[in-house]
S.K.: 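I'd like to ask you about the structure that follows.
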Amino acid sequence: MSPSEATAEVTEVTEVRPSAGRHAVALFISELRLVFGRARTQVGLGVLAAVPLLIGIAIKLSGNDGGTEGFIGQVAGNGLFLIVASLGLSLPFFLPTAVTVISGESLAGEASLGTLRNLLTAPAGRSRLLAAKMVALTVFCLVATMTIWVSGLIVGFILFPVGDVLLLSGSTVSLGEGLLRALVIAVVISLSLLGLAAIGLFVSSLTSTPLAAMAATFGTFIVLGIMTAIPQLHAIHPWLLMYRWQSFADVLRDPPYWHDIGRNLLLQAGYVAVFYTAAWARITSRDIT
Amino acid sequence: MAVDAVDLEVPAGSVYGFLGPNGSGKTTTIRMLLGLIAPTSGEVELLGEPMPKAHLRVLPRVGALVEGPAFYPFWTGQANLLRFDAADRTADPKTRKARAGEALERVGLSNAAGKKVRAYSLGMRQRLAIAVALMQRRELLVLDEPTNGLDPQGTREVRHLIRDLASDGTTVFTSTHLLAEVEQVCTHAAIMNRGKLLRQSTVADLRAELRPRLVVRTPDLGAAADTLQGLGVTELKTTEETVEGDPGELPIEKFAAALVAADVRIHGFGLERPSLEDTFVALTGEGFDVAE
């Protein structure tokens with residue numbers, strides 16, 4: 001049943017309400033409240049905060065003093081590496097899962113509750129609502145990695161000795177600079193998640209079932225991950241979402257090696273541009289029932 | 001085709017009843033008016049502006065309740081109001097809380113403002129949905145089935161509320177299939193069926209479309225029918241206890257006198273004005289032949 005040949009019209013003459021000021025920011029703040037006020041978001045952030053704690057306790061109990069390769073092996077010697085190790089270990093699975101849940105929910109959740117039509121008749125404006133959703137997702141990615149950073153800092157400083165930081169290049173920097181570099185890593189990792197967030201937002205604009213959106217987004221993530229692991233596909237590897245995710249470690253070189261990080265962020269920007277535009281095309285033309 | 005060439009003329013300050021059987025295209029029309037869906041062809045205008053092109057300009061002047069209440073169940077009633085108000089960039093954030101309080105009071109939900117919507121009954125949600133529309137002074141309120149799911153008290157309250165709003169100068173456009181509602185509240189009405197607009201006019205004119213019927217309640221059915229036929233009553237119909245028909249232009253007392261003269265025992269006698277329901281059924285058909 002499709003509406004057709006409609007010339008519905010309501011005419012009336014009344015005085016126009018004095019035009020109020022523009023308060024465009026309110027929707028964005030409200031959007032953050034919606035994302036971060038939900039119990040599921042808080043539990044998710046709690047799980048992320050527990051990652052450094054679990055790793056820290058495991059290392060402490062095993063009495064590991066450097067037998068392990070990589071950042072994990074350095075934690076026992078310098079608690080600061082707990083931040084980097086936790087961020088690195090959360091990147092392949094925990095963080096994408098969280099981003100998938102929040103982004104899949106974003107539009108499909110509103111559609112399934114029916115609140116989407118309340119927002120649109122408010123009127124929020126479809127483009128503005130989409131922008132608010134993307135901004136909230138970006139803030140979520142930042143908060144998620146910062147949660148690990150803060151938790152890693154606290155646990156690392158309580159459980160392990162801390163001091164000057166030995167970089168990958170062999171030189172040493174002060175603890176303060178080490179913390180700053182870990183902070184940069186957290187930001188780089190949160191930006192690495194934006195491509196996935198945009199995919200989730202797009203999928204979420206297609207359906208009124210949040211679970212389906214989450215599953216489809218996560219499925220896409222898994223498929224891209226498998227493709228990244230197949231050597232025969234090396235020709236398209238540079239275009240795959242997570243191909244340069246591990247480049248965050250280059251922040252710990254002296255001087256930091258920005259080339260791969262830059263390529264990664266450029267790729268994320270490309271994914272955001274493509275999928276955000278697709279989501280926009282979808283949401284601005286979608287029939288809201 | 002769900003809706004075809006519907007042109008609704010809603011006078012300012014009227015309470016306009018939008019009637020039609022289920023599936024007749026009422027909600028589709030309302031969705032199009034509010035820019036939620038796009039017509040496959042043609043144009044939509046609301047308050048003299050093209051929709052959905054001018055929706056950011058028009059919709060702040062319109063309060064809407066479309067197709068049942070929809071809220072965030074994990075938020076309080078007040079928090080829900082604040083969010084939908086925040087979505088409107090013309091809404092002043094400084095007065096937001098105060099306006100939410102007033103709107104909640106107006107629909108009688110002040111005591112439940114801090115409760116999560118999950119714990120609300122359907123009637124409370126319905127009233128909360130009306131509160132969303134009342135967060136600001138509107139020129140036009142579009143209420144899709146506002147009394148759906150309400151108990152008799154709630155229905156009365158909504159009716160009073162609609163009258164109050166109308167007397168404040170707000171135009172109210174309400175869709176419903178409860179005809180008694182329309183007769184009590186609305187000044188104007190439109191009747192839709194199968195996506196087409198059948199009639200629109202004042203409620204009084206709609207009722208006047210059907211002629212009043214003469215109804216005689218009597219045990220002497222045969223004699224009564226004969227007498228009435230002799231006086232030129234047409235469309236005579238005999239039921240178990242009554243004889244009824246279209247009295248034509250003769251004054252009603254003539255029939256009474258004639259019946260008494262013919263020794264017809266009269267248990268009841270009078271003119272029955274057709275209800276809006278009769279008009280509605282005459283236009284849209286009996287029974288369950290809902291538009292496909």
Side-chain angles (χ1 to χ4, degrees), chain A residues 1-34 37-42 105 109-129 132 208 284-289, chain B residues 1-12 25 28-29 31-48 55-56 59-62 64 66-75 82-93 132 136-137 139-140 169 171 173:
Chain A
M1 200 161 75
S2 82
S4 171
E5 288 288 331
T7 53
E9 186 177 354
V10 175
T11 42
E12 67 161 26
V13 194
T14 326
E15 87 286 5
V16 177
R17 182 154 49 102
S19 155
R22 307 231 136 208
H23 307 286
V25 195
L27 177 63
F28 291 80
I29 296 168
S30 167
E31 203 57 53
L32 293 180
R33 237 176 238 152
L34 183 67
R38 289 202 71 169
R40 74 165 60 152
T41 308
Q42 290 158 6
E105 167 87 21
E110 303 270 9
S112 79
L113 288 173
T115 45
L116 193 50
R117 54 175 191 263
N118 293 12
L119 290 171
L120 294 184
T121 53
R126 297 184 184 212
S127 307
R128 197 166 67 105
L129 181 62
S208 302
T284 50
S285 61
R286 179 174 171 185
D287 282 353
I288 307 298
T289 53
Chain B
M1 195 186 322
V3 173
D4 184 16
V6 177
D7 197 340
L8 302 166
E9 280 164 35
V10 182
T28 302
T29 306
R31 283 197 196 125
M32 268 192 279
L33 278 173
L34 297 173
L36 290 175
I37 62 176
T40 41
S41 69
E43 275 131 43
V44 181
E45 245 177 60
L46 179 66
L47 298 174
H55 71 286
L56 289 180
L59 290 183
R61 297 154 60 195
V62 180
V66 191
E67 236 208 330
F71 295 102
Y72 305 95
F74 44 86
W75 269 1
L82 298 180
R83 166 144 172 96
F84 296 129
D85 195 65
D88 176 4
R89 74 187 89 181
T90 67
D92 186 356
V132 172
Q136 303 203 46
R137 224 186 122 59
E139 288 169 48
L140 175 67
T171 308
F173 179 88

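Within every chain, numbering begins at 1; the chains are lettered A, B, ... in the order of the sequence lines, protein sequences first and strands thereafter.
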S.K.: When you measure from the side chain of A/Arg117 to the backbone of B/Glu67, do you find a donor-acceptor pair of N or O atoms at a distance under 3.5 Å?
M.R.: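 Checking the backbone N and O of B/Glu67 against the side chain of A/Arg117, a donor-acceptor pair under 3.5 Å is found.
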S.K.: Drop me the distance from B/His55's NE2 to A/Leu120's CG, to the nearest 0.5 angstrom.
M.R.: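 Between atom NE2 of B/His55 and atom CG of A/Leu120 there are 7.5 Å.
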S.K.: Would you name the heavy atoms of A/Asp287 and B/Ala38 that are closest together and state the gap between them?
M.R.: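 Nearest pair, atom of A/Asp287 first, then B/Ala38: OD1-N, 3.4 Å.
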S.K.: Considering only heavy atoms, which portion of B/Phe74 lies under 4.5 Å from any heavy atom of chain A: side chain, backbone, both, or neither?
M.R.: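 Interface part for B/Phe74: side chain.
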S.K.: Mind running side-chain contact (heavy atoms from CB on, under 4.5 Å) on A/Thr121 and B/Leu36 for me, showing each step along the way?
M.R.: CA-CA 8 Å; A/Thr121 53; B/Leu36 290 175; 4.2 Å; yes
S.K.: Would you please name every residue forming a salt bridge (Lys or Arg N to Asp or Glu O under 4.0 Å) with A/Arg40, sequence neighbours left out?
M.R.: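 Here the qualifying residues are A/Glu105.
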S.K.: Under the side-chain contact (heavy atoms from CB on, under 4.5 Å) rule, what do A/Thr115 and B/Phe84 come out as? Steps first, then yes or no, please.
M.R.: CA-CA 9 Å; A/Thr115 45; B/Phe84 296 129; 3.7 Å; yes
S.K.: Pick whichever of A/Leu116, A/Val25, A/Leu34 has the most heavy-atom pairs under 4.5 Å with chain B.
M.R.: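 Top option by heavy-atom pairs under 4.5 Å: A/Leu34.
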S.K.: Please test A/Arg38 against B/Trp75 for side-chain contact (heavy atoms from CB on, under 4.5 Å), starting from the C-alpha separation and ending with a verdict.
M.R.: CA-CA 9 Å; A/Arg38 289 202 71 169; B/Trp75 269 1; 5.9 Å; no
S.K.: Between the side chain of B/Arg83 and the main-chain N/O of A/Leu119, is any donor-acceptor distance below 3.5 Å?
M.R.: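 Between the backbone of A/Leu119 and the side chain of B/Arg83 there is no qualifying donor-acceptor contact (under 3.5 Å).
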S.K.: Heavy-atom distances under 4.5 Å only: say whether A/Glu110 touches chain B with side chain, backbone, both or neither.
M.R.: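 Only the side chain of A/Glu110 comes within 4.5 Å of chain B.
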S.K.: Taking atom CZ as the centre, does A/Arg33 end up with more than 12 heavy-atom neighbours from other residues, nucleotides or ligands that are less than 6.0 angstrom away?
M.R.: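 No, the 6.0 Å shell around CZ holds no more than 12 heavy atoms from other groups.
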S.K.: Within a strict 4.5 Å, meaning less than it, do heavy atoms of the B/Leu34 and A/Pro123 side chains meet?
M.R.: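 Result no, sub-4.5 Å side-chain heavy-atom pair not found.
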S.K.: Against chain B, label A/Ile29 side chain, backbone, both or neither, depending on which of its atoms sit under 4.5 Å from a heavy atom there.
M.R.: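 Contact with chain B: none, neither part.
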S.K.: Any idea which heavy atoms bring B/Ala86 and A/Ala26 closest together, and the distance?
M.R.: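 Result for this residue pair: O-CB, 3.7 Å.
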